[in-house]
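Lettering follows sequence order; numbering is per chain, from 1.
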Amino acid sequence: MDPNRPPTDFETRVFEATRLIPAGKVTTYRELALFLECNSAQAIGQALKRNPFAPQVPCHRVVKTDLSLGGFHGQTEGPWLAKKRKLLTEEGVAFSENGTVNPEFCHRFKGSK
DNA sequence: AGATTGACTAACC
DNA sequence: AGGTTAGCCAATC
């Protein structure tokens with residue numbers, strides 16, 4: 001592992017897209033994958049996981065397609081996940097009782113209409 | 001250079 | 001409804 005390696009082009013694209021997510025909204029790995037013209041949401045997750053850049057890149061606003069939280073800082077559950085949930089809540093994102101994000105908070109990259 | 005892994009998804013059984 | 005399989009793609013071993 002080279003934690004100090006420079007970000008790859010792909011990762012850079014992922015970060016930029018992630019930065020576009022406004023506070024109080026979330027997006028899915030799938031949306032990011034489509035936006036980056038990549039058919040693998042997994043690759044998106046990989047990029048985010050290896051770059052726990054904090055609020056600079058709001059990776060906490062990225063959730064799974066079924067609107068469950070997904071992971072955070074390399075773990076799919078645990079204290080970091082609780083943190084992720086809390087961050088979103090503070091930003092105004094509401095959760096359903098099953099722990100998923102309310103779909104109304106789902107951001108889509110529609111820039112061009 | 002080849003095989004494995006992973007913050008995923010959808011399709012199957 | 002819940003577990004398994006298969007596809008996906010970049011990073012890592």
Side-chain angles (χ1 to χ4, degrees):
Chain A
M1 282 173 66
D2 295 318
N4 290 320
R5 70 165 165 60
T8 65
D9 289 344
F10 179 74
E11 287 170 337
T12 302
R13 270 180 280 158
V14 173
F15 301 150
E16 291 200 16
T18 303
R19 259 183 304 175
L20 299 176
I21 308 169
K25 290 273 188 108
V26 298
T27 197
T28 64
Y29 296 103
R30 182 140 97 30
E31 286 290 321
L32 282 172
L34 294 172
F35 183 71
L36 298 178
E37 299 178 276
C38 165
N39 221 1
S40 173
Q42 231 171 6
I44 304 295
Q46 287 292 21
L48 293 177
K49 143 183 165 181
R50 297 185 207 289
N51 290 276
F53 277 83
Q56 185 181 351
V57 175
C59 17
H60 58 274
R61 296 183 193 139
V62 185
V63 299
K64 301 207 313 186
T65 295
D66 65 344
L67 299 186
S68 58
L69 278 180
F72 201 45
H73 283 242
Q75 23 184 61
T76 52
E77 62 176 2
W80 276 111
L81 254 297
K83 171 94 175 186
K84 179 171 183 176
R85 189 157 54 254
K86 178 164 189 170
L87 277 169
L88 291 173
T89 302
E90 309 250 334
E91 289 184 353
V93 176
F95 289 83
S96 304
E97 302 186 22
N98 56 340
T100 62
V101 174
N102 281 355
E104 47 184 299
F105 296 99
C106 186
H107 170 68
R108 310 220 174 179
F109 295 98
K110 39 192 164 192
S112 352
K113 169 211 357 4

Taking atom [atom2] of [N] as reference, at what distance in whole Å does atom [atom1] of [X] sit?
X: A:Gln46; N: C:dC13; atom1: CD; atom2: C1'; answer: 13 Å
X: A:Leu32; N: C:dC9; atom1: CG; atom2: C1'; answer: 15 Å
X: A:Leu34; N: C:dC9; atom1: CG; atom2: P; answer: 12 Å
X: A:Arg50; N: C:dT12; atom1: CZ; atom2: C1'; answer: 6 Å
X: A:Phe10; N: C:dT12; atom1: CZ; atom2: P; answer: 12 Å
X: A:Glu11; N: C:dT12; atom1: CD; atom2: C1'; answer: 11 Å
X: A:Phe72; N: B:dG6; atom1: CZ; atom2: C1'; answer: 17 Å
X: A:Leu69; N: B:dC8; atom1: CG; atom2: P; answer: 11 Å

For residues 76-89 of chain A, run the donor-acceptor check on the side chains, cut-off 3.5 Å, and write out each pair with its distance to 0.1 Å, sequence neighbours left out.
{"from": "A:Lys84", "atom 1": "NZ", "to": "A:Val62", "atom 2": "O", "distance (Å)": "2.8"}
{"from": "A:Lys84", "atom 1": "NZ", "to": "A:Leu69", "atom 2": "O", "distance (Å)": "2.7"}
{"from": "A:Lys84", "atom 1": "NZ", "to": "A:Gly71", "atom 2": "O", "distance (Å)": "2.8"}
{"from": "A:Thr89", "atom 1": "OG1", "to": "A:Arg85", "atom 2": "O", "distance (Å)": "2.8"}

Side chains of residues 23-48 of chain A: which donor-acceptor pairs under 3.5 Å do they make with residues two or more places apart or in other chains?
{"from": "A:Thr27", "atom 1": "OG1", "to": "A:His107", "atom 2": "O", "distance (Å)": "3.1"}
{"from": "A:Thr28", "atom 1": "OG1", "to": "A:Glu31", "atom 2": "N", "distance (Å)": "3.0"}
{"from": "A:Ser40", "atom 1": "OG", "to": "A:Gln42", "atom 2": "N", "distance (Å)": "3.4"}
{"from": "A:Ser40", "atom 1": "OG", "to": "A:Ala43", "atom 2": "N", "distance (Å)": "3.2"}
{"from": "A:Gln46", "atom 1": "OE1", "to": "A:Arg50", "atom 2": "NH2", "distance (Å)": "2.8"}

Check your understanding: Is there any salt bridge (charged side-chain N to carboxylate O under 4.0 Å, His left out) pair reaching into residues 8-18 of chain A, and which pairs are they, with sequence neighbours excluded?
Key ->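 Checked against salt bridge (charged side-chain N to carboxylate O under 4.0 Å, His left out) - neighbours excluded - the pairs reaching residues 8-18 of chain A are A:Arg5-A:Glu11.
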
Exercise for review: Residues of residues 87-104 of chain A with any non-hydrogen atom less than 4.0 angstrom from an atom of DNA chain B: list those, numerically ordered, please.
Suggested key: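 Within this stretch, nothing sits under 4.0 Å of the strand.
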
Point to revise | Of residues 16-27 of chain A, the positions that come close to DNA chain B - non-hydrogen atoms, cut-off under 4.0 Å | key: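 Going residue by residue through residues 16-27 of chain A, none turns out to have a heavy atom under 4.0 Å of DNA chain B.
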
Review point. In terms of hydrophobic clusters joined by side-chain contacts under 4.5 Å, are A:Val93 and A:Val57 together?
Key: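 Hydrophobic grouping puts A:Val93 apart from A:Val57.
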
Exercise for review: With sequence neighbours excluded, tell me which residues meet ring pair (Phe, Tyr, Trp, His ring centres under 6.0 Å) with A:Phe10.
Suggested key: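 Expected list: none.
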
Check your understanding: Are the side chain of A:Thr100 and the backbone of A:Ser96 linked by a donor-acceptor contact shorter than 3.5 Å?
Key ->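 Looks like no, no N/O pair under 3.5 Å.
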
Point to revise | Set of side-chain hydrogen bond (donor to acceptor under 3.5 Å, both in side chains) partners for A:Thr12, sequence neighbours left out | key: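 With neighbours one apart ignored, the set is empty.
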
Check your understanding: Who passes side-chain hydrogen bond (donor to acceptor under 3.5 Å, both in side chains) against A:Thr65, sequence neighbours left out?
Key ->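 side-chain hydrogen bond (donor to acceptor under 3.5 Å, both in side chains) check on A:Thr65 returns nothing, list empty.
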
Under-3.5 Å N/O pairs linking protein and nucleotides 3-7 of chain C:
none

**Study point:** Contact check, side chains of A:Phe95 and A:Asn102, non-hydrogen atoms, under 4.5 Å
**Key:**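 A:Phe95 does not reach A:Asn102 side chain to side chain.
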
Review point. Looking at A:Phe15 and A:Pro7, what are the two nearest heavy atoms and their distance?
Key: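 The pair with the smallest heavy-atom distance is CE1-CB, 4.1 Å.
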
Just the table, please: protein N/O against nucleotides 9-13 of chain B N/O, every pair under 3.5 Å.
{"from": "B:dT9", "atom 1": "OP1", "to": "A:Thr65", "atom 2": "N", "distance (Å)": "2.5"}
{"from": "B:dT9", "atom 1": "OP1", "to": "A:Thr65", "atom 2": "OG1", "distance (Å)": "2.3"}
{"from": "B:dT9", "atom 1": "OP2", "to": "A:Thr65", "atom 2": "N", "distance (Å)": "3.3"}
{"from": "B:dT9", "atom 1": "O5'", "to": "A:Thr65", "atom 2": "OG1", "distance (Å)": "3.4"}
{"from": "B:dA10", "atom 1": "OP1", "to": "A:Arg30", "atom 2": "NE", "distance (Å)": "2.7"}
{"from": "B:dA10", "atom 1": "OP1", "to": "A:Arg30", "atom 2": "NH2", "distance (Å)": "3.2"}

